[in-house]
Amino acid sequence: MIVNNQEIEAKEDSTLLQAASAMGIVIPTLCFHEALGPHGSCRVCLVEIVNGARPGLVASCTYPVEEGLVVETNNTKVLKTRRIMVELLLARCPDSTKIRGLANDLGIAEPRFDKENESCILCGLCVRVCREIGINSVGFIQRGTNREVTTPFQKPSEVCLGCQACAFLCPTGAIKFEDVAEERKVEKWKTSIKLQRCSSCSRPFFPEPLQLYLKEKELLVPENIGLCEVCRRKSLGSRLASILSRKSTV
Amino acid sequence: MQRIYNLQDLDDLRAEIKKRPQGKAITIAVCNGTGCQAYGCGKVTQAFMDEVTKHGLDVEIKPTGCHGFCQSGPITVIHPDGIFYQRIKPEDVGEIISETIMRNRIIQRLLYEDPLTLEKITYEKDVPFYKKQMRIIFGNNGFINPRNIDDYIAIGGYSAISKVLKEMEPEEVIGEIKNSGLRGRGGAGFPTGVKWEVCRNAEEDQKYLICNSDEGDPGAYMDRSLLEGNPHSVIEGMLIGAYTIGAPKGFIYVRHEYPLAVKNISFAISQASEYGLLGKDILGPSFSFDIEIIRGAGAFICGEETSLIASIEGGRGEPRPRPPYPAQKGLWGKPTNINNVETWANIPLIIDRGADWYTQMGTEKSKGTKIFSLVGKINNTGLIEVPMGISLREVIYEIGGGIPGGKKFKAIQTGGPSGGCIPAAMLDLPIDYEGLTAAGSIMGSGGLVVMDEDTCMVDVAKYFLKFTVDESCGLCTPCREGIKQMLHLLTRITEGKGKEGDIELLEELCQAIKDASLCGLGGTAPNPVLSTLRYFPEEYQAHIKDKRCPAKVCRPLIRYQIDAEKCVICGLCIESCPEGAIASEAGESPTINLDKCIKCGICLDTCPSEAIIVQ
Ligand SMILES: Cc1cc2nc3c(=O)[nH]c(=O)nc-3n(C[C@H](O)[C@H](O)[C@H](O)COP(=O)(O)O)c2cc1C
Ligand code: SF4
Ligand code: SF4
Ligand code: SF4
Ligand code: FES
Ligand code: FES
């Protein structure tokens with residue numbers, strides 16, 4: 001393949017994005033995450049295929065590499081179209097720092113379109129990560145301009161673990177979790193999750209369903225079960241201290 | 001029914017059907033398509049049956065699928081002469097039997113009258129609507145009772161699959177389809193033979209076929225009419241595809257709002273299965289194929305092939321990135337060949353009569369015929385089948401009978417909601433894939449909407465964008481956000497709030513949406529805007545610069561006034577105005593209070609002396 005005038009070899013079954021990244025070429029992305037399946041929704045990662053049977057702009061995060069492709073990741077057409085994608089998203093979410101940052105990088109100060117006041121760009125990362133861990137607590141509803149991500153029937157989720165993976169991946173910070181007293185609250189999913197108390201200091205600290213989930217998947221280190229972060233550190237500390245003091249007395 | 005085990009059985013059955021006593025001298029074909037049903041053809045059909053029994057006549061009453069000229073329904077054609085009666089009521093039936101059938105007399109009142117020449121026309125073949133058509137696919141509807149497989153066999157049905165099984169290797173079938181030049185009738189016009197070849201060559205044991213009859217374009221109903229009127233032609237096409245590609249299972253995806261199509265195709269599948277033409281060991285021991293019907297919920301996007309596949313799998317009807325194409329990885333990840341209803345219906349004909357015959361019709365790169373639905377400001381509306389390459393002029397003025405009310409033709413919109421508008425100056429454009437694309441439109445699935453001089457092209461573009469905004473799945477940014485912003489811009493322009501730079505911004509958006517969208521919905525949605533910008537720039541300018549709507553359609557930009565010279569001071573408009581916006585000083589002609597006027601146009605319709613003017 002030829003990418004930006006440079007001849008390269010790419011692994012079979014990889015995408016144009018992966019091939020370009022391997023060469024150190026940076027292509028901005030919003031809806032892509034290497035651990036999750038392709039989605040191709042934001043269209044920020046566009047590149048141009050300039051030869052072959054189907055020339056034109058394609059989303060590099062979903063397009064598979066192909067023998068003999070000639071690809072340009074940064075030409076005028078790519079930049080112009082990418083700019084409009086970001087400009088459209090900025091009009092949708094003018095308060096998102098991530099989108100603003102991307103817009104600044106592309107030289108957009110203010111969108112020329114009618115502004116809205118959304119926080120979510122519908123990239124679907126939250127939906128896909130939740131599906132990936134096998135919980136499926138959120139999904140898309142409606143279509144077109146009414147499309148949203150939400151819980152089934154827009155009611156509090158019965159299965160959310162409170163793991164915050166969605167919030168961690170969300171590019172716009174649209175999902176916010178907050179621990180209040182004995183509950184972990186997430187407004188976007190209209191859901192509260194009960195927190196379990198630390199077996200040592202009895203501070204509520206860990207979502208109960210997440211504890212069960214991790215147990216089931218055997219992902220917990222047995223001696224840490226039930227201890228909050230601080231107590232875990234303390235217990236580690238006291239163990240280390242005792243080892244060290246034993247050493248020094250020898 | 002007796003099962004058909006091999007090719008000889010089928011030939012014997014065909015010979016036997018042709019000899020049956022029902023091959024009566026006179027057949028009355030009564031259209032029972034969805035259009036004619038709305039006009040009450042059910043009662044008409046029953047009345048025919050009752051009359052025939054009453055008189056003990058040797059006449060067959062054949063309920064058929066759509067004949068295309070639905071506006072004149074209920075329609076009846078009396079064979080063998082082809083006497084064409086239209087707008088028949090149950091009360092007319094007794095007279096038809098006693099006069100036409102028993103005394104050979106034509107009933108003038110029931111004949112079609114050419115609106116241009118006012119001439120009464122007796123025979124179907126002379127009706128101008130049909131004259132220029134070439135109904136190789138759709139014409140059979142008039143001779144078949146879709147609920148009777150024997151009717152289809154009688155006109156040569158299932159002989160193409162026999163031929164294939166008897167003497168053709170799959171590669172030969174692909175060769176024949178390739179040579180015929182057949183291109184997909186679902187919109188994109190991809191060469192069917194090439195598609196079949198890719199799917200045949202895909203190395204997998206399980207493969208699938210799909211018949212796409214989602215038909216989401218508003219106003220389009222050719223696929224519905226084929227499934228309703230000639231379902232076995234679609235089944236036979238799929239059988240040939242199944243043998244060629246090596247797919248043991250097929251699906252027909254049809255929208256739930258097509259109850260008659262669902263009924264007729266289900267009926268046809270069960271009849272074909274009883275004969276052994278579907279299922280295991282079809283016409284011999286080595287070929288099996290099953291068809292399952294899937295009913296769609298009616299979202300436009302589910303006509304797009306990857307969404308349709310997702311929908312069959314039980315997921316959200318949403319597109320997937322291509323590649324991989326369905327022919328490589330389709331339904332449940334298996335190679336899948338998907339074709340449109342009309343494409344499938346072309347296959348048996350091509351096999352039966354050969355690619356050489358087929359390529360005589362059409363243009364260099366678009367062969368055969370195409371069924372269109374002709375609607376809008378035109379005298380004759382309905383479904384038409386014409387050879388590729390026919391000119392817009394012939395369709396509009398000869399088949400369509402011109403524009404009603406002596407109005408001027410302004411533009412024709414082709415290809416459904418994401419097609420483009422072609423102006424009067426291009427009336428001689430030949431209709432084929434290349435011609436339409438070069439003109440900034442598309443073939444699409446075959447919608448033709450005729451517009452007259454009273455149409456505002458900015459308003460038209462806005463109308464189609466509203467459709468795509470509603471039907472976009474909302475997955476990708478350009479289509480979801482971009483079309484919405486285009487609609488905002490157009491709405492402002494039609495409200496007189498357009499400003500300099502709007503056209504450039506629209507153009508920029510159109511290009512980006514076309515280039516960047518994930519699927520064909522977004523990829524073609526800007527066409528109505530691009531084509532109207534290209535052919536009617538002055539109309540956009542009038543709205544933006546002069547705050548004027550030349551066609552007087554955009555309400556915020558028009559004003560109603562009374563011409564005192566023409567006014568006969570009858571006072572009717574004063575009474576008619578729902579807002580009380582019209583008043584008169586004693587004895588004077590009235591005036592309209594523009595602050596109160598809501599521009600409903602009621603006074604315009606009421607005034608007996610054309611004194612109300614719109615500016
Ligand atoms: C938004 C959209 C809607 C479509 N709707 C239909 C449809 O209703 N019927 C159809 O046959 N093809 C439709 N298509 C085209 C299909 O994706 C596909 O190309 C076609 O079924 C292939 O069959 P063909 O090769 O026989 O045309 C649609 C495409 C798009 C992008
Ligand atoms: S909430 Fe965040 S992660 Fe989820 S779709 Fe919206 S922007 Fe993406
Ligand atoms: S182009 Fe429109 S319909 Fe197609 S995937 Fe994108 S949002 Fe959905
Ligand atoms: S209806 Fe016409 S003619 Fe009568 S008063 Fe009104 S404008 Fe005059
Ligand atoms: S990152 Fe490729 S489409 Fe979003
Ligand atoms: S339904 Fe009767 S002519 Fe179309």
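Below, read A as the first sequence line, B as the second, and so on, with proteins coming before strands; counting in each chain starts at 1.
The side-chain heavy atoms of A:Leu88 and B:Leu509, taken from C-beta on, include a pair separated by under 4.5 Å. Put simply, the side chain of B:Gln511 does not reach to within 4.5 Å of the side chain of A:Lys80, judged on heavy atoms. Counting only heavy atoms from C-beta outward, the side chains of B:Pro321 and A:Tyr63 never approach each other to under 4.5 Å.
The number of heavy-atom neighbours closer than 6.0 Å to CD of B:Glu504, taken from other residues, nucleotides and ligands shown, is above 12. Atom CG of A:Asn146 has more than 12 neighbouring heavy atoms from other residues, nucleotides or ligands inside a 6.0 Å radius. B:Glu364 CD: 12 or fewer foreign heavy atoms inside a 6.0 Å radius. Within 6.0 Å of NZ on B:Lys547 lie more than 12 heavy atoms contributed by other residues, nucleotides or ligands.
Using a 4.0 Å cut-off between a side-chain N of Lys or Arg and a carboxylate O of Asp or Glu, A:Arg83 and B:Glu508 do not qualify as a salt bridge. With respect to A:Asp114 and B:Arg492, a salt bridge is recorded, a charged nitrogen being found less than 4.0 Å from a carboxylate O. The pair A:Arg43-B:Glu481 does not count as a salt bridge, with every side-chain nitrogen at least 4.0 angstrom from each carboxylate oxygen. The residues B:Glu318 and A:Arg147 are annotated as salt-bridged, a charged nitrogen and a carboxylate oxygen being separated by less than 4.0 angstrom.
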Next item on the list: List the steps and the verdict of side chain to side chain contact (heavy atoms under 4.5 Å, CB included) for B:Gln485 and A:Arg112.
Entry: CA-CA 10 Å; B:Gln485 295 291 358; A:Arg112 291 165 292 173; over 6 Å; no
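Taking chain B as the reference chain and counting heavy-atom pairs below 4.5 Å, the highest number among A:Thr145, A:Thr62, A:Val58, A:Leu46 is found for A:Thr145. In terms of non-hydrogen atom pairs under 4.5 Å with chain A, the most contact-rich of B:Cys476, B:Gly317, B:Ala299 is B:Cys476.
Contact of A:Arg143 with chain B is made through backbone and side chain together, with heavy-atom distances under 4.5 Å. Residue B:Leu505 touches chain A through its side chain alone, counting heavy-atom pairs closer than 4.5 Å. Proximity to chain B (any heavy atom under 4.5 Å) is shown, for A:Leu30, by neither the backbone nor the side chain. For A:Glu116, the part lying under 4.5 angstrom from a heavy atom of chain B is the side chain only. Only the side chain of A:Ile84 comes within less than 4.5 Å of a heavy atom in chain B; its backbone stays farther off. If you measure heavy-atom distances from A:Arg54 to chain B, the contacts under 4.5 Å come from the side chain alone. For chain A, the nearby part of B:Ser517 is the backbone; its heavy atoms alone come within less than 4.5 Å.
Between the CG atom of B:Asp515 and the OG1 atom of A:Thr81 there is a distance of 5.5 Å, given to the nearest 0.5 Å.
Side chain of B:Thr477 to backbone of A:Cys42: a donor-acceptor contact under 3.5 angstrom is found.
Nearest approach of B:Ala516 to A:Met85, heavy atoms of both residues: CB-CE, 3.6 Å. Taking both residues in full, the closest heavy atoms of B:Arg316 and A:Ile141 are given as NH1-CA, 3.7 Å, listed atom of the first, atom of the second, then distance.
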